[in-house]
Number of protein chains: 2
Amino acid sequence: MDSLVACGELTDPSSPRGRLLNAAAHLFVEKGFARTTVRDIAGEVGILSGSIFHHFRSKEEILCQVMREVTLFARARMAQAAAQASSPTSKLRACILCELEAIHGRAVPGFTILVSEWRSLSGKNQAVVLALREEYEQLWREVLEEAESVADPALARRLLQGALSHTYHWFRQKDGGLSLGELADELVVLFSRPKPA
Amino acid sequence: MDSLVACGELTDPSSPRGRLLNAAAHLFVEKGFARTTVRDIAGEVGILSGSIFHHFRSKEEILCQVMREVTLFARARMAQAAAQASSPTSKLRACILCELEAIHGRAVPGFTILVSEWRSLSGKNQAVVLALREEYEQLWREVLEEAESVADPALARRLLQGALSHTYHWFRQKDGGLSLGELADELVVLFSRPKPA
DNA sequence: AACGCTACCAAGCAAGCGCTTGGTTATCAA
DNA sequence: TTGATAACCAAGCGCTTGCTTGGTAGCGTT
């Protein structure tokens with residue numbers, strides 16, 4: 001996964017720019033884009049607010065770049081997870097678990113803002129991220145198609161995406177409770193039901 | 001449905017306060033809470049920004065009151081829809097369609113901000129709205145229980161809620177395309193599958 | 001030693017924000 | 001006629017915001 005950094009697609013997280021992007025992602029998740037100030041972001045990495053604009057042209061560009069890198073990273077991660085699975089159903093399960101971990105774990109910090117802060121982006125920047133997002137979604141549709149999901153793959157993905165992203169608002173990991181794996185199992189059953197003969 | 005206005009639960013939409021709440025709901029849906037200014041709201045009903053604070057103590061109180069009234073209205077509307085249906089499955093379908101119309105139609109203006117702007121509310125105000133929301137959710141769980149939905153009713157509701165609220169971001173009514181009714185049908189099939197014997 | 005480059009500071013500007021204040025007008029009951 | 005009340009205006013205060021400017025310290029290269 002470091003290869004993405006090496007080939008220049010992703011920013012080195014130890015570089016000043018990378019540290020700013022990480023801090024921003026963290027704050028955007030925690031407080032939302034509008035309620036996060038450039039002073040917050042700068043403070044998180046120990047510099048003054050004005051210095052941010054040596055690395056980014058505007059606050060919105062920070063959001064845009066966070067979304068860009070998150071999307072690229074999430075796609076690479078899911079492609080890898082899908083490739084390792086054998087059957088169509090286990091592939092679907094792997095992808096579902098992959099997105100659940102992106103939402104709830106530390107696997108892909110900032111993944112949730114792809115949905116929650118979408119409207120904080122201007123039209124032009126939305127187009128930039130959307131183009132990358134489309135590759136991610138295409139992967140999903142292929143996996144759903146193979147697994148012979150309910151309805152057509154595009155619709156199934158949309159319903160599934162809603163169910164998954166909403167888990168952010170209610171799911172909490174705790175001993176004895178539902179685990180991410182079990183939740184993934186439930187969703188596989190729900191969406192990959194065998195069609196009546 | 002006007003009875004809620006008559007008994008004082010809901011604000012008369014033709015009163016100054018009611019017109020402000022409607023304007024605010026409309027703007028919050030369109031631009032989001034943070035990007036809507038009190039000057040926007042005041043301008044929409046033709047008064048100056050300072051005059052708003054004759055009716056509300058703060059901008060956040062406007063959001064809170066919008067959410068309060070939207071929740072009460074949505075609940076009354078769904079209870080009526082469920083009561084008119086006969087079988088458990090048709091009840092479920094009625095509720096799903098009811099929420100879809102709340103999200104996409106002009107039926108319950110401002111319904112979507114119950115999810116999208118939840119975090120714009122302070123903890124104290126969240127508690128106020130949550131108490132009302134709980135009645136709405138209880139109705140859902142009863143309907144899902146009766147329809148013998150997949151998994152347990154609470155989990156099914158959460159997954160369903162995610163799928164439904166997310167439709168806001170992709171569903172568009174157009175000739176020849178998927179209608180809200182057809183979408184409701186798909187979701188009924190998905191969630192009310194008969195359990196294997 | 002001189003240069004160029006990256007990363008940052010110190011100070012602050014202009015605009016926009018939520019909200020306050022003191023006063024005016026219209027309505028209606030006593 | 002008087003007085004209370006609701007609805008609103010006009011003006012602006014105090015604060016926060018994203019962002020700009022001019023300058024400096026450190027580092028590697030030549």
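The model shown is predicted, which means the values in this text are computed figures rather than measured ones.
Qualifying ring pair (Phe, Tyr, Trp, His ring centres under 6.0 Å) partners for His169(A), counting only residues two or more places apart in sequence or in other chains: His166(A). Glu30(A) is linked by a salt bridge (charged side-chain N to carboxylate O under 4.0 Å, His left out) to nothing, counting only residues two or more places apart in sequence or in another chain. Every residue was checked against the salt bridge (charged side-chain N to carboxylate O under 4.0 Å, His left out) condition with Arg158(A), not counting sequence neighbours, and none meets it.
Taking atom CZ on Phe56(B) and atom P on dA7(D), their separation rounds to 11 Å, with Å as the unit. Following rounding to the nearest Å, Ile62(A) (CD1) and dC19(D) (C1') show an atom-to-atom distance of 11 Å. Put simply, NZ on Lys59(A) is 8 Å from C1' on dT17(D), counting in whole angstrom units.
Interface residues of residues 19-37 of chain A facing DNA chain D, ordered by number: Thr36(A), Thr37(A); criterion, heavy-atom separation under 4.0 Å. Non-hydrogen atoms lying under 4.0 Å from DNA chain D are contributed by Ser49(A), Gly50(A), Phe53(A), all within residues 43-55 of chain A.
Figure legend: Lys59(B) and Phe33(B) shown as a cation-pi pair, the cationic atom lying under 6.0 angstrom from the six-membered ring centre and within 45 degrees of its axis.
With no hydrogens or angles considered, a side-chain donor-acceptor pair links Glu60(B) and Ser122(B) at under 3.5 Å.
The hydrophobic clustering, which links ILVMFWY residues whose side-chain heavy atoms are closer than 4.5 Å, places Leu132(A) and Met67(A) together.
Between Leu180(B) and Glu101(B), the closest heavy-atom pair is CD1-CG, 4.1 Å.
Salt bridge Asp12(B)/Arg17(B): absent, no basic N to carboxylate O contact under 4.0 Å.
Counting 5' to 3', DNA chain C first comes under 4.0 angstrom of a heavy atom of chain B and last does so at the ends given by dC17(C) to dT20(C).
Note that SG of Cys64(B) and CZ of Arg57(B) are 9.5 Å apart. Values are rounded to the nearest 0.5 Å.
Between Phe171(B) and His104(B), the ring planes are perpendicular. Angles over 60° get that label, and only those under 30° would be called parallel.
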